[in-house]
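I have placed the structure first, in the form of structure tokens, so that the comments after it can refer back to it.
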Amino acid sequence: MKKFKRYLVTAALPYANGPVHIGHLAGVYVPADIYVRYLRSKGEDVIYICGSDEHGVPITIKARQEGVSPQDIVDRYHKIIKKAFADFGISFDIYSRTTSKTHYETASEFFKTLYNKGEFIENTTNQYYDNEAGQFLADRYITGTCPHCGNASAYGDQCENCGTSLSATDLINPKSTISGSEPILKETKHWFLPLDKHEEFLKNWILKEHKNWKTNVYGQCKSWLDQGLQPRAVSRDLDWGIPVPVKGAEGKVLYVWFDAPIGYISATKDLTADWEKYWKDKETKMVHFIGKDNIVFHCIVFPAMLKAEGSFILPDNVPANEFLNLEGDKISTSRNWAVWLHEYLEDFPGKEDVLRYVLCANAPETKDNDFTWKDFQARNNNELVAILGNFVNRAMVLTHKYFNGKVPEITSLNEYDKNAIVEIATIKEAIENSLENYRFREALKYAIDLARLGNKYLADTEPWILIKTDENRVKTILNISLQITANLATIMEPFLPHTSKKLEEFLNFQALKWDATGHADLLETGHILNKPSLLFEKIEDEEIEKQLLKLAKTKEQNNPKSINANPQKELISYEDFSKLDIRVGTILEAEKVPKTKKLMKLLIDTGIDKRTVVSGIAEFFEPEKIIGKQVSILVNLEPRKLKGIESQGMILMAENADGKLTFVWPAENIENGAEIK
RNA sequence: GGCGAGGUAGCUCAGCUGGUUAGAGCGCAUGAUUCAUAAUCAUGAGGUCGAGGGUUCAAGUCCCUCUCUCGCUACCA
């Protein structure tokens, strides 16, 4: 393995429109923190960079909803996030933010460099523009009627009623949410980064030179590269963000995905004047810790940016994790389905390391994983309390009892003692090997094995019996037990820093550098120990039930039955209604449209004729089972081609909040062609 | 539908380039033990390795088909 002079470790910038939750922690911040603490302990030159990602449309939306400025929003969450990380013990060297002055300058510079090098292409497109407000509208700022479900308040990028993703120009009767006026289409110029230009380079760099990346990361990249890369817009018409620093770009800002990763660079600048050493020297090893949703940006887009700029190094590895679920369901900020870090810290004071432990032991390294409170409790009680805490307590209590808290001498070592000592070194090496390869859960398991070793050593040597007959032998046994404890203090530090601190206090000793561990001579004979307290305490059922109850309440609130029906749409005249020609028809034929998930091709006898209708119902119905059924069909809707099939009308369906569809059909059989009015 | 990742003991996961009776932790059962937060230590039960084919002397491990879960993507009049 190549030896590097220094390390630059980045953790994904949390988006400042909400607090951080256990999913973020397990996927990114805890593993990155373990990695960095380990490197520091090894004496490596390492910096750990993070900060809030504060630009982008969602933040402006939230600000508008609350009637405050975007700056107010990001100030609020930046503070909460930063404090929660600090309280939790995530040891960033700097936690910066993308609204900082340094970042504005850095991102602008970066853009200008690429611009001057001719690395962008310019493209003019039509976008919705609000004449009254005098600005272009992001998709999210436009509402209108969803062409799919008729929901009158669909957004320009997505209809929240039916979940369809839309493009703003699809909306019927578009309206600006800023002024309420009808937006007009207007030409606007934007800059694009031609990723396709870097495709060959990226293919070679990732597919050939980085076969050692995690399979999920490598596979995802390969998928993108095989599909072929497209130019990506780097600017947007928006008033929140970093102004595009060229003439004729008034009212345009850098697209948030472009400025966010540059945040790593600007944060480094804020940390040290020596920042270029970390970003431009080939002897620096750069590692990005991210979640799987960020793979494309960090493995393809950002490297393409850095490559285009020319003077930067590229990441050596991007150990992306999968997602963490909570009690079987996907974590969701908007549905409040999460364990929020700042709330956890309030509910479980002093138990930072318990969460670190559980999230690392159950980290979604190779596939999505599930966090359950029952597992949280079990890991605390059966592993932290019973194995680690208990061993430390045994060694300490026995030493106080028999030797007044003084580290006894080693009188002589037998084979069994020697084996135990060798085992300490073996475990340490195993942990190193796991950490170097980003296998954090495995590393943690080995770390706990050290405490297991201690428990077994005590159980096998039985000092509480020998003390009656052979005090010298007991001296050796407790010396070794305490040496294991001292090793734990150092080896556990990357994983459980607060626990490591406590162990230092118990032992009245300063944890050593990593390379000094793995031996049985960390504590000197005669060294005086402090009185220990409990390292971990049991978590009782009541506390777990409290958390489960909290989640149950959230679930109740999210229950479709308690979600209010959409408000009534605006009034229409009878004349408007009578324009719709809805008939009863019978399904004569039905077949799935190949290569689609939702589309079904239907032949309908409308009484007027027999016609083809394509409908998005294939997820809920099997073709054979609906043939012969009578349905309601809107027959005078203008035809439209779907997957090459002309659809002549629309089947009326009722849809609930979960998106489940059901047919609307006559209560009793009636002739085809009967009018519905 | 396309692409990617995954489906191994009740639960959470290891199993590298195919090679003797498929592993670990938790949980469970039994025994030992009492220094310790009834903690610990030992032993054991428990798996047709998603399903079905194929290659091979030999497959959890390679190939094909199917199926389920998650993600990206197309589609939803």
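Computed from a predicted model, the values in this text were never measured in an experiment. Below, read A as the first sequence line, B as the second, and so on, with proteins coming before strands; counting in each chain starts at 1.
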Original post:
Which of these nucleotides, U40(B), C35(B), C41(B), is closest to any side-chain atom of A386(A)?
Top reply: U40(B)
Original post:
Between D370(A) and V613(A), which has a closest nucleotide on RNA chain B that is more 5'?
Top reply: D370(A)
Subject >> Euclidean distance for P, G1(B) against U40(B) (whole angstrom) >> reply: 49 Å
Original post:
At their closest point, which heavy atom of L388(A) faces which heavy atom of M492(A), and how far apart are they?
Top reply: CD2-CE, 4.2 Å
**OP:** Would you tell me if any nitrogen or oxygen in the side chain of T399(A) comes within less than 4.0 Å of OP1 or OP2 on C35(B)?
**Re:** no
Original post:
How close or far is atom C1' of G4(B) from atom CH2 of W213(A), stated in whole angstroms?
Top reply: 16 Å
Original post:
Can you tell me how far P in C63(B) sits from the matching atom in U17(B), rounded to whole Å?
Top reply: 11 Å
**OP:** Determine whether the aromatic ring centres of F348(A) and F376(A) lie less than 6.0 Å apart.
**Re:** yes
Original post:
Which whole number of Å gives the distance between the P atom of U21(B) and that of C49(B)?
Top reply: 15 Å
**OP:** Summarise protein proximity over nucleotides 24-31 of chain B in one line of letters, 5' to 3': B for base, S for sugar-phosphate only, - for none, counting protein heavy atoms closer than 4.0 Å.
**Re:** SSSS----
Original post:
Is the closest side-chain heavy-atom distance between P319(A) and V217(A) below 4.5 Å?
Top reply: no
Subject >> Nearest-Å distance once atom C1' is located in both U67(B) and A29(B) >> reply: 36 Å
Original post:
Please, which pairs that meet side-chain hydrogen bond (donor to acceptor under 3.5 Å, both in side chains) have at least one residue in residues 204-214 of chain A, sequence neighbours excluded?
Top reply: N204(A)-E209(A), W205(A)-H210(A), H210(A)-W213(A), K214(A)-N321(A)
Original post:
Heavy-atom count around E423(A) CD within 6.0 Å, excluding the residue itself: above 12?
Top reply: yes
Is there any protein nitrogen or oxygen under 3.5 Å from a nitrogen or oxygen in nucleotides 70-73 of chain B, and what are the pairs?
| from | atom 1 | to | atom 2 | distance (Å) |
| --- | --- | --- | --- | --- |
| C70(B) | O2' | K292(A) | NZ | 3.3 |
| C70(B) | O2' | D368(A) | OD2 | 2.6 |
| G71(B) | OP1 | K330(A) | NZ | 2.0 |

Original post:
Atom NZ of K367(A) to atom C1' of U8(B): distance rounded to whole Å?
Top reply: 9 Å
Original post:
What distance, rounded to whole Å, do you find between the two P atoms, one in A45(B) and one in A59(B)?
Top reply: 25 Å
Original post:
Taking the side chain of W464(A) as its heavy atoms from C-beta onward, which of U12(B), U33(B), U37(B) lies nearest to it?
Top reply: U33(B)
**OP:** Would you classify S615(A) as touching base, sugar-phosphate or nothing, given that sugar-phosphate means primed atoms plus P, OP1 and OP2, and contacts are heavy atoms under 4.0 Å?
**Re:** sugar-phosphate
Original post:
Shortest non-hydrogen contact from P463(A) to L398(A)?
Top reply: CG-CD1, 4.1 Å
Protein-nucleic acid N or O pairs under 3.5 Å, nucleotides 59-64 of chain B:
none

**OP:** Kindly express the pairing pattern of RNA chain B in dot-bracket notation, using | wherever a base pairs with another strand and counting only Watson-Crick or G-U pairs under 3.5 Å.
**Re:** (((((((..((((.....[...)))).(((((.......))))).....(((((..]....))))))))))))....
Original post:
Across the strands shown, which category fits N455(A) at heavy-atom distances under 4.0 angstrom: base, sugar-phosphate, nothing?
Top reply: sugar-phosphate
**OP:** When you get a sec, tell me which of U37(B), A14(B), A5(B) is the closest nucleotide to the side chain of T366(A)?
**Re:** A14(B)
**OP:** Report the distance from atom CG of L398(A) to atom C1' of A39(B), rounded to the nearest whole Å.
**Re:** 13 Å
**OP:** Run the salt-bridge test on E589(A) and K601(A) with the 4.0 Å N-O cut-off and return the result as yes or no.
**Re:** no
Original post:
If you look at every strand shown and take non-hydrogen atoms under 4.0 Å, does K222(A) touch a base, only sugar-phosphate, or nothing?
Top reply: nothing
**OP:** Please check if the side chain of S481(A) supplies one atom and the backbone of A395(A) the other of a donor-acceptor pair under 3.5 Å.
**Re:** no
Original post:
Is a salt bridge present between K475(A) and E409(A), judged by a nitrogen-to-oxygen distance below 4.0 Å?
Top reply: yes
Original post:
Any ion pair linking K501(A) and D353(A) (charged N to carboxylate O, less than 4.0 Å)?
Top reply: no
Subject >> Value in whole Å for how far the C1' atom of A36(B) lies from CG of L535(A) >> reply: 13 Å
Subject >> 5'-most by nearest nucleotide on RNA chain B - S647(A) or E462(A) >> reply: E462(A)
Original post:
Which listed nucleotide (A39(B), U12(B), U34(B)) is nearest to the side chain of K538(A)?
Top reply: A39(B)
**OP:** Sticking with atom P, work out how far A9(B) lies from A22(B), rounded to a whole angstrom.
**Re:** 14 Å
**OP:** Kindly indicate whether the side chain of D609(A), heavy atoms from C-beta on, has any atom under 4.5 Å from the side chain of Q648(A).
**Re:** no
Original post:
Salt bridge between K292(A) and D368(A), side-chain N to carboxylate O under 4.0 Å?
Top reply: yes
Subject >> Heavy-atom pair with the smallest gap, counting every atom of F440(A) and I34(A) >> reply: CD2-CG2, 3.9 Å
Original post:
In whole Å, what separates the P atom of G15(B) from that of C62(B)?
Top reply: 13 Å
**OP:** May I ask you to say what V614(A) touches in the nucleic acid, namely base, sugar-phosphate or nothing, with a heavy-atom cut-off under 4.0 Å?
**Re:** sugar-phosphate
**OP:** Find out whether F391(A) and L450(A) are in side-chain contact, i.e. whether some heavy atom of one side chain is under 4.5 Å from a heavy atom of the other.
**Re:** no
Original post:
U34(B) C1' sits how many Å from R394(A) CZ, rounded?
Top reply: 9 Å
**OP:** In whole angstrom, give the distance that lies between atom OH of Y416(A) and atom P of C41(B).
**Re:** 11 Å
Subject >> From I491(A) atom CD1 to I448(A) atom CD1, the distance as rounded to the nearest 0.5 Å >> reply: 11.5 Å
Original post:
Given atom NZ of K601(A) and atom P of G1(B), what is their separation to the nearest angstrom?
Top reply: 18 Å
N/O donor-acceptor pairs under 3.5 Å from side chains in residues 293-303 of chain A, not counting sequence neighbours:
| from | atom 1 | to | atom 2 | distance (Å) |
| --- | --- | --- | --- | --- |
| H298(A) | ND1 | N294(A) | O | 3.2 |
| H298(A) | NE2 | Y264(A) | OH | 2.8 |

Original post:
How far does the C1' atom of G25(B) sit from the matching atom of G46(B), given to the nearest Å?
Top reply: 15 Å
Subject >> Spacing between I448(A) atom CD1 and U40(B) atom P, to the nearest angstrom >> reply: 12 Å
**OP:** Have a look at V397(A) and say if it touches a base, only the backbone sugar-phosphate, or nothing, with a 4.0 Å heavy-atom cut-off.
**Re:** sugar-phosphate
